[in-house]
Amino acid sequence: MTFKAQIEPSVLQMGQPFTVTVNDAPQWSNKTITVQIESSDDIEPLTAVMSFTMEVGADGTGSWHHASGFEIERECVVFVSAAGTTPSPSDLASPQSPLAPEFTHPEFVSLTALNSPSTASDRVAGLYLDLQKRREARYGQPLGTPGQGTPFRAAVLVEGLLITQPIQTTHGTVHPQALDVYDGDVRDIINASLEKLGWPGRVNDEAWDQRLHRQDFALFEFPNIWASDESEADSLAMAETDRLVLTLAYLRYAAPRPILIALESFTPQQIRFRSLRAVYTGNLLGGWMGGESSRELLRVGGALATSPKVELYVNLYLEARREKQEDSRYFKLWAVLETIAINEIAAGAKVLLDNGTQWPNGGTTSQAAPRVFELVRSAGLPGRQWPDAGDLYDFVRSVYGRRNATAHYGRFVPADPAQQTQTQWYPWAIRTLSAESGHPGWLWELDNVVHEIIGSQIAKIATVL
């Protein structure tokens with residue numbers, strides 16, 4: 001069972017009226033059908049454009065006129081992709097969702113050119129092929145410079161991202177999950193833990209299969225990478241992965257996380273796997289000195305329960321520590337300090353440096369950097385060795401410079417001429433790229449300062465036990 005359909009005229013402009021005709025469809029005589037129109041351009045091979053209902057006469061033909069035309073600006077071809085009737089429910093009185101039409105594809109696809117004034121009515125098929133070639137040229141472009149180095153290919157497994165169909169990208173393809181996955185490890189952990197506690201209950205395999213079913217995995221494929229070695233190929237693949245993760249996090253309302261990369265070389269042919277799961281970065285020291293204390297748990301937990309503001313500070317700090325991208329981590333850690341400073345340091349006060357001079361250009365606590373400086377100084381943190389043998393002023397100006405680079409340019413790029421012109425913060429930001437020998441570094445110091453400042457806020461309200 002099939003039919004014929006066409007959109008006329010065969011060459012259209014956006015907004016131009018058109019008519020859809022269906023014929024050779026005796027199976028739909030004297031019925032109302034739903035018709036679908038799709039498009040194909042140099043970006044997407046198929047895109048749903050519209051659907052509408054049409055009355056089919058006794059002779060198996062029908063037509064539908066659209067006076068306002070298509071609202072598509074891009075050059076493409078449009079066509080009737082399917083049509084069908086809605087089946088009658090067996091029991092009209094039963095409450096149920098409307099049934100989907102039973103679609104049939106046309107015997108021949110009749111193409112219409114849209115927004116292609118140079119295409120003649122007898123050359124629409126040629127436009128379709130040209131759009132296909134342009135689409136192929138747009139996607140699957142190599143990472144790196146072809147011919148320089150050796151070829152590689154990479155596949156990155158990402159969790160926390162549900163993809164239902166392949167998506168072509170500039171340098172490869174995002175593939176949906178290829179296999180049903182169950183979080184069996186979670187079940188094993190809870191069962192082993194319950195056994196250790198002496199509890200008789202266990203997670204039932206069959207009952208929990210559905211609850212432990214995972215559909216939020218995707219694969220990023222980069223089939224054409226040119227690099228001097230594995231390290232460069234890995235870096236190229238991960239840089240593109242990071243861009244895709246951010247893009248799809250926004251588009252899919254998701255929080256994707258790359259968890260593994262498979263990198264294959266061709267000369268010689270070998271494959272290497274690298275786990276991307278975040279390694280543990282917390283305290284390795286156990287016992288009460290490492291935070292494993294009922295007393296501390298009650299003290300800190302009580303403070304968080306008492307003060308929504310302190311709870312917010314810890315939440316922001318947690319989010320910053322989870323951040324893997326260095327510039328974003330600078331930005332988020334600074335945001336914790338600035339948030340606390342806004343609540344703790346009164347605005348409009350003069351700020352004096354350790355040598356007794358005022359903050360340059362008359363800076364006061366109404367400004368971000370002087371306010372944070374005053375917060376850290378007033379907290380009375382124990383004696384510190386600041387990076388590059390500087391002092392607190394140097395430290396605050398430097399990490400604030402790095403924060404500004406991220407806020408205004410997305411990340412700090414020392415060689416960027418536009419950033420080099422930012423004389424208020426660039427000379428400070430560039431200091432964060434080096435540290436005195438033996439010092440863990442600027443970001444490490446910033447993390448510790450934030451932790452201790454939050455600790456001082458907890459100490460103000462915590463009950464002594």
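We count residues from 1, following the sequence as given.
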Any ion pair linking [Y] and [X] (charged N to carboxylate O, less than 4.0 Å)?
X      : Y      : answer
Glu344 : Arg371 : no
Arg274 : Glu230 : no
Asp242 : Lys324 : no
Arg329 : Glu326 : no

Backbone of [Y] reached by a side-chain donor or acceptor of [X] within 3.5 Å:
X      : Y      : result
Thr112 : Ile7   : yes
Glu221 : Val156 : no
Gln177 : Phe217 : yes
Ser328 : Gln325 : no
Thr150 : Asp229 : no
Asp41  : Glu75  : no
Glu232 : Ser228 : yes

Quick one: are the ring centres of [X] and [Y] less than 6.0 Å apart?
X      : Y      : result
Tyr400 : Trp425 : no
Phe222 : His171 : no
Phe152 : Phe266 : no

After noting the C-alpha distance and the side-chain angles of Trp359 and Phe373, does the key distance pass the ring pair (Phe, Tyr, Trp, His ring centres under 6.0 Å) rule? CA-CA 10 Å; Trp359 189 280; Phe373 173 88; 5.4 Å; yes
With a sphere of 6.0 Å drawn around [atom1] of [X], does it hold more than 12 non-hydrogen atoms of other residues, nucleotides or ligands?
X      : atom1 : value
Asp122 : CG    : yes
Glu136 : CD    : yes
His105 : NE2   : no
Tyr426 : OH    : yes
Arg123 : CZ    : no
Glu71  : CD    : no
Gln269 : CD    : yes

Could you label the plane-to-plane angle of the [X] and [Y] rings as parallel, tilted or perpendicular, counting under 30° as parallel and over 60° as perpendicular?
X      : Y      : value
Tyr393 : Trp428 : perpendicular
Tyr317 : His451 : perpendicular
Phe52  : Trp64  : parallel

Can you name the salt bridge (charged side-chain N to carboxylate O under 4.0 Å, His left out) partners of Asp24, sequence neighbours left out? Lys4
Regarding Gln420 and Gln422, do their side chains bring together a donor and an acceptor under 3.5 Å, going by distance alone? no
State, without any angle test, whether Tyr409 and Asn404 hold a side-chain donor-acceptor pair at a distance under 3.5 Å. no
Using side chain to side chain donor-acceptor pair (under 3.5 Å) as the criterion, point out the one residue from Gln132, Arg135, Arg138 that pairs with Asp42. Arg138
Verdict with supporting geometry, Glu452 and Arg384, salt bridge (Lys or Arg N to Asp or Glu O under 4.0 Å): CA-CA 12 Å; Glu452 293 186 33; Arg384 316 185 74 85; 3.0 Å; yes
Sequence neighbours excluded, every pair satisfying salt bridge (Lys or Arg N to Asp or Glu O under 4.0 Å) that has a member inside residues 248-258: Glu159-Arg257
